[in-house]
J.: 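Take a look at this one; I'll ask things after.
Chain identifiers are assigned alphabetically (A, B, ...) following the order of the sequence lines, protein sequences preceding nucleic acid strands; residue numbering begins at 1 within each chain.
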Amino acid sequence: MIDIKALRKDPDFFKDALKKRGYEVEIIDEVLKIDKEWRDVTTKINELRAKRNEISKEVAKAKREKDEDKTKALMEEGKEVGKKIKELEDKKRELEEKQKQLLLRIPNVPHESVPVGEDETYNVEIRKWGQPTEFDFEPKAHWDLGPELGLLDIERAGKLSGSRFVILYSKLAKLERALINFMLDLHTKEHGYIEVAPPHLVKRETMTWSGQLPKFEEEAYNTKKDDLFLIPTAEVPLVNLHAGEVLREDDLPLKYVAYTPCYRREAGSYGKDVRGMIRNHQFDKVELVWYTTPGKSYEALETLTSHAEEVLKRLKLPYRVILLSTGDMGFTASKTYDIEVWLPSYNAYKEISSCSNTESFQARRSNTRYRRKDGKLDFVHTLNGSGLAVGRTLVAIMENYQQPDGSIKVPDVLVPYTGFEVIP
RNA sequence: GGAGGCGUAGCCUAAUUGGCUAAGGCGUCGGCCUUGAAAGCCGAUGGGGCGCAAGCCCCGUGUGGGUUCGAGUCCCACCGCCUCCGCCA
């Protein structure tokens with residue numbers, strides 16, 4: 001949620017921000033128009049309420065003095081004022097509802113360091129680690145490798161659940177479990193995160209606070225009967241953990257890590273990444289979330305990103321870090337780094353983590369504040385990043401660690417977790 | 001699913017049968033005092049509208065409605081927590 005007071009002061013700043021993202025800017029004028037009406041109505045209501053308060057005081061006084069005629073007259077007058085107030089309050093509610101719907105659909109303002117451009121071609125590569133894996137044989141894609149080993153079952157998954165699901169067996173299933181444990185251990189023991197096991201089903205409000213709703217309802221699985229949503233990422237519960245609370249500045253930054261499955265309908269991605277387990281309706285992810293102060297959130301974004309990168313470094317998987325352009329960034333983000341891992345099957349780098357600073361955008365929606373050293377209340381800044389997408393990490397290991405005989409070597413750091421060094 | 005209870009500010013706790021400023025304590029911040037600190041004392045400590053400002057006004061007792069001249073208080077719905085019963089991995 002953007003700051004309406006800031007919008008009043010400098011509408012052009014927000015129009016410019018929308019333009020950079022490739023959004024229509026008319027919405028800003030609509031918001032301002034409703035805001036003007038709202039302020040007019042609010043002023044009138046305030047005046048009438050002041051009058052009503054005055055009248056009720058006089059009623060009480062007249063009653064004490066047992067002046068029945070005066071009491072009756074005042075009550076009549078109060079009734080009239082009350083009617084007018086109610087009319088205006090209905091109008092005000094209507095305006096507020098309209099305004100809320102508009103504001104919830106306005107994306108966050110990009111940070112000044114974000115490259116301006118309409119799509120991903122304007123993204124900027126920040127750094128690269130390692131070199132694309134070279135093979136002295138023809139490497140296989142994971143969607144061939146896995147089934148040939150008998151450990152990745154796409155057909156039966158289709159039977160059970162339809163397309164974009166997979167089943168893992170024995171050593172491959174265990175490798176995935178090892179990855180989860182490795183990531184959680186790294187972030188909790190070395191990077192200082194608090195581990196969280198959150199709910200996987202959340203209320204509509206929760207999805208709204210973190211920015212998934214109302215704009216992206218098509219993307220989410222919903223349980224009709226109870227109107228609960230399957231989380232598309234652990235970011236949703238983690239970033240709403242302190243909704244409505246006032247945190248102490250001394251307790252910041254708060255750093256949380258959670259492993260959860262993620263559920264996405266992938267409604268807008270027909271024909272994209274259809275093979276294997278790159279884009280599934282259900283995938284495992286380890287998510288990192290920070291709560292911090294406005295002055296420190298960009299420094300925090302660098303640190304959080306480095307924590308995600310560390311996973312790839314230890315797994316010795318080649319990757320690069322991309323700074324997303326204004327046109328490629330998500331709705332809630334002010335600035336986003338994508339980490340992309342090398343995938344031989346794509347002969348390209350493929351997103352495996354997305355690390356964003358949302359500044360106060362989510363905190364405003366969820367009303368998450370902290371008390372500053374000077375005693376004042378302010379919104380926290382929230383950041384989120386994958387550390388990492390487990391399914392895609394599994395794919396990256398399968399493809400980059402494959403051997404000529406079709407077996408897969410287990411990365412050294414994972415052997416203590418798997419108990420074996422090669423698959424099968 | 002059934003029965004009952006509860007929800008007050010950052011936290012804890014008050015508020016006759018609906019009425020005058022939601023009282024008090026703790027914490028936090030600022031000031032006084034002090035060589036420094038503690039203690040003590042004074043003040044501040046939710047949101048909004050109008051205004052250059054001083055300031056004026058409104059709202060705020062889980063959320064949203066309703067009754068009433070007037071609601072923390074009465075009514076309805078929802079959310080959350082607790083207790084008991086039922087069901088259950």
J.: If you draw a 6.0 Å radius around CD in A:E190, do more than 12 non-hydrogen atoms from other residues or ligands fall strictly inside?
T.: yes

J.: When the ring centroid of A:H242 is compared with that of A:Y256, is the distance short of 6.0 Å?
T.: yes

J.: Determine the interatomic distance between P on B:G18 and the same-named atom on B:C74; round to the nearest Å.
T.: 8 Å

J.: When you compare B:G55 with B:G66, how far apart are their C1' atoms, in angstrom units rounded to a whole number?
T.: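 Pairwise C1' distance, B:G55 against B:G66, rounds to 36 Å.
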
J.: Can you tell whether the side chains of A:E65 and A:K70 come within less than 4.0 Å, N to carboxylate O?
T.: no

J.: In whole angstroms, how far is the P atom of B:C11 from the CZ atom of A:R369?
T.: 10 Å

J.: Report the secondary structure of RNA chain B in dot-bracket form, marking unpaired bases with a dot and bases paired to a different strand with |, and treating Watson-Crick or G-U pairs with both distances under 3.5 Å as paired.
T.: (((((((..(((......[....)))((((((.......))))))(((((....)))))..(((((..]....))))))))))))....

J.: Near A:K83 NZ, under 6.0 Å, is it more than 12 heavy atoms from other residues, nucleotides or ligands?
T.: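 12 or below, so no.
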
J.: In the 5'-to-3' direction, what one-character label does each nucleotide of nucleotides 22-33 of chain B receive under the scheme B = base within less than 4.0 Å of a protein heavy atom, S = sugar-phosphate only, - = no such atom?
T.: -------S----

J.: In whole angstrom, give the distance that lies between atom NZ of A:K51 and atom C1' of B:G70.
T.: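 The distance from NZ of A:K51 to C1' of B:G70 comes to 16 Å, rounded to the nearest Å.
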
J.: Using atom C1' in both nucleotides, what's the gap between B:G10 and B:C58 to the nearest angstrom?
T.: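 24 Å, rounded to whole Å.
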
J.: Give a yes/no on whether any side-chain N or O of A:R364 is located under 4.0 angstrom from OP1 or OP2 of B:G47.
T.: no

J.: Does the pair A:D40/A:K36 count as a salt bridge with the N-to-O cut at 4.0 Å?
T.: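 Looking at A:D40 and A:K36, the cut-off is met.
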
J.: Please measure how far the P atom in B:A23 lies from the corresponding atom in B:U45, and state the result in whole Å.
T.: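 Taking atom P in both B:A23 and B:U45, they lie 12 Å apart.
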
J.: Would you indicate which nucleotide in B:G48, B:G10, B:G49 comes nearest to any side-chain atom of A:K5?
T.: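 Among B:G48, B:G10, B:G49, the one nearest the side chain of A:K5 is B:G48.
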
J.: Using a 4.0 Å heavy-atom cut-off to protein, can you give one letter per nucleotide of nucleotides 63-69 of chain B, 5' to 3': B if the base is in contact, S if only the sugar-phosphate is, - if neither?
T.: --SSS-B

J.: Would you call A:D378 and A:R369 a salt bridge, taking side-chain N to carboxylate O under 4.0 Å as the test?
T.: no

J.: When the distance from NZ of A:K44 to P of B:C58 is rounded to whole Å, what number comes out?
T.: 18 Å

J.: With respect to the phosphate group of B:C59, does any side-chain polar atom (N or O) of A:N53 fall under 4.0 Å of OP1 or OP2?
T.: yes

J.: Checking side-chain hydrogen bond (donor to acceptor under 3.5 Å, both in side chains) against A:N123, which of A:D338, A:T336, A:D328 comes through?
T.: A:D328

J.: Grab the CD1-P distance between A:I34 and B:G49 for me, whole Å please.
T.: 16 Å

J.: With sugar-phosphate meaning primed atoms plus P, OP1 and OP2, does A:R204 contact a base, only sugar-phosphate, or nothing at under 4.0 Å between heavy atoms?
T.: nothing

J.: I'd like to check A:V31 versus A:I106 (side-chain heavy atoms, cut-off strictly below 4.5 Å). Are they in contact?
T.: yes

J.: For A:T326, which residues count as a side chain to side chain donor-acceptor pair (under 3.5 Å) partner, sequence neighbours excluded?
T.: none

J.: B:C81 and B:C32: how far apart are their C1' atoms, nearest whole angstrom?
T.: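 Result for the C1' pair: 44 Å, nearest Å.
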
J.: Output the distance between atom CG (A:L151) and atom CE (A:M398), rounded to the nearest 0.5 Å.
T.: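 These two atoms lie 7.5 Å from each other.
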
J.: Considering every strand and a 4.0 Å limit on heavy-atom distances, what is the contact class for A:K203: base, sugar-phosphate, or nothing?
T.: sugar-phosphate

J.: When you compare B:C29 with B:A39, how far apart are their P atoms, in angstrom units rounded to a whole number?
T.: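 One P to the other, the span is 12 Å.
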
J.: For the pair made of CZ in A:R64 and C1' in B:C20, what is the distance, rounded to whole Å?
T.: 7 Å

J.: Reckon A:L247 touches a base, only the sugar-phosphate, or nothing at all at heavy-atom distances under 4.0 Å?
T.: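 The residue A:L247 makes no contact with any strand.
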
J.: Find the distance A:E205:CD to B:C79:C1' and express it as a whole number of Å.
T.: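 So the two atoms are 7 Å apart, to the nearest Å.
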
J.: What nucleotide, of B:G10, B:C20, B:C58, holds the atom closest to the side chain of A:L377?
T.: B:G10

J.: Using atom C1' of each nucleotide, how far apart are B:G25 and B:U13 to the nearest Å?
T.: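 The same atom, C1', in both gives a distance of 8 Å.
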
J.: Looking only at atom C1', what distance separates B:G64 and B:G80, rounded to whole Å?
T.: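 These two C1' atoms come out 15 Å apart once rounded.
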
J.: Between B:C50 atom C1' and A:R49 atom CZ, what is the distance in whole Å?
T.: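 After rounding, the gap between these two atoms is 16 Å.
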
J.: For A:R275, check salt bridge (charged side-chain N to carboxylate O under 4.0 Å, His left out) against everything at least two apart and list the hits.
T.: none

J.: Under the salt bridge (charged side-chain N to carboxylate O under 4.0 Å, His left out) test, which residues partner A:D250, sequence neighbours left out?
T.: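 So A:D250 forms a salt bridge (charged side-chain N to carboxylate O under 4.0 Å, His left out) with A:K373.
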
J.: Measuring only between side-chain heavy atoms, which start at C-beta, is A:H381 closer than 4.5 Å to A:T293?
T.: no

J.: Starting at CD of A:E245 and ending at P of B:G80, how long is that distance when rounded to a whole Å?
T.: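 Interatomic distance, CD of A:E245 to P of B:G80: 16 Å.
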
J.: Between A:K376 and A:W38, name the one whose nearest nucleotide on RNA chain B is closer to the 5' end.
T.: A:K376

